[in-house]
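See below for the structure under consideration.
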Amino acid sequence: MSTLVYNTVDRLDRPSAYYVGKNKRRKFNQDEAEEPEDPSVKLRNATTLYVGNLSFYTTEEQIHELFSKCGEIKRLVMGLDRFNKTPCGFCFVEYYTHQDALDCLKYIGGTKLDERIIRTDLDPGFEEGRQYGRGKSGGQVRDEYREEYDPGRGGYGRAYADEQRQREEEEYGAGR
C-alpha cells in the first residue's frame, strides 16, 4: 500500500505561473505522436533569474550589489522601454551555477530594494529582444492600466495620466 505525500512548502525551482501559461501550446492537429514538453525541464539547470517589480530608478549597480551576495554574476540585463530606452521595472540576472540562482531565489526573492518588494523567478535563459517591455507603449503591461499613484514606477499609470491630461486640456479650453 503506497502513501501519497503532499509537501506543504513549494519547491524553489518550480516554474512560475506566467512561464507555465506562456508555454502552453494548443495542438489543432490530431497527431499525438509528440508528447508535450514539461516546462520544468528547461528550468532544471537554469542559471538565469527574472527579477520583477523594480523601481524605475533602481540602477544596475544597486542590483549587482544585492544579487552578488548569492554568487558571482555572469551577466546583468536591465529591462528597457522599447521606445525611450529607459528602465521599465525588470531585469535578468545570470549566474554561473544553478545553485547560485536557487540561493538567490531563497534569500533575495521577496526582499525590498528601493522601497519595493522584488519578485524573482527562474528563467530558461535570456534571449536578445526580451529586455524590452511588452506594453503597447513599450513599457510594462501593468503600467498602462495602473490608476494608483506609485512614485517608484514614475507616478500614475500611463493610461490614467493620459486621461488626466485630456481632462485638464478640456477644462482649460472651456475656461477661455
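A quick note: this is a predicted structure, and the numbers were derived from the prediction, not measured.
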Enter the distance from [X]:[atom1] to [Y]:[atom2] here, rounded to the nearest 0.5 Å.
| X | Y | atom1 | atom2 | value |
| --- | --- | --- | --- | --- |
| Arg116 | Phe56 | CZ | CZ | 8.0 Å |
| Phe92 | Asp121 | CZ | CG | 10.5 Å |
| Glu170 | Arg167 | CD | CZ | 9.0 Å |

message: So, using side chain to side chain donor-acceptor pair (under 3.5 Å) as the criterion, who are the partners of Thr58 when residues are at least two apart?
response: Asp114
message: Between Thr48 and Leu122, does the side-chain contact (heavy atoms from CB on, under 4.5 Å) criterion hold? Intermediate values first, please.
response: CA-CA 6 Å; Thr48 305; Leu122 279 177; over 6 Å; no
field: Pairs flagged by ring-ring contact (aromatic ring centres under 6.0 Å, His included) wherever residues 101-125 is involved - sequence neighbours left out
entry: none
Shortest non-hydrogen contact from [X] to [Y]?
| X | Y | value |
| --- | --- | --- |
| Ile108 | Cys70 | CD1-SG, 3.6 Å |
| Phe67 | Tyr95 | O-OH, 2.6 Å |
| Leu80 | Lys85 | CD2-O, 4.0 Å |
| Ala101 | Ala46 | CB-O, 4.0 Å |

- request: Determine whether Val93 and Cys104 make a side-chain contact, defined as any pair of heavy atoms from C-beta on separated by less than 4.5 Å.
  value: no
Ile63/Leu113 under side-chain contact (heavy atoms from CB on, under 4.5 Å): CA gap, chis, key distance, verdict: CA-CA 8 Å; Ile63 295 168; Leu113 179 63; 4.2 Å; yes
Can you list everything that forms a side chain to side chain contact (heavy atoms under 4.5 Å, CB included) with [X]? Sequence neighbours excluded, please.
| X | result |
| --- | --- |
| Gln99 | Thr97, Leu102, Asp103 |
| Lys112 | Glu115, Ile117 |
| Glu128 | Phe126, Gln131 |

Sequence neighbours left out, cut at 3.5 Å: what donor-acceptor pairs do the side chains of residues 71-79 make with other protein atoms?
unit_1: Arg75; atom_1: NE; unit_2: Glu94; atom_2: OE1; d: 3.2
unit_1: Arg75; atom_1: NH2; unit_2: Glu94; atom_2: OE1; d: 3.2

message: We want to know whether Arg119 and Asn53 form a side-chain donor-acceptor pair, criterion being a heavy-atom distance below 3.5 angstrom.
response: no
query: Is it the case that more than 12 heavy atoms not belonging to Glu65 sit under 6.0 Å from its CD atom?
result: no
message: I'd like to know if the side chain of Asp123 reaches the main chain of Gly125, judged simply by a donor and an acceptor atom lying under 3.5 Å from each other, with no hydrogens or angles considered.
response: yes
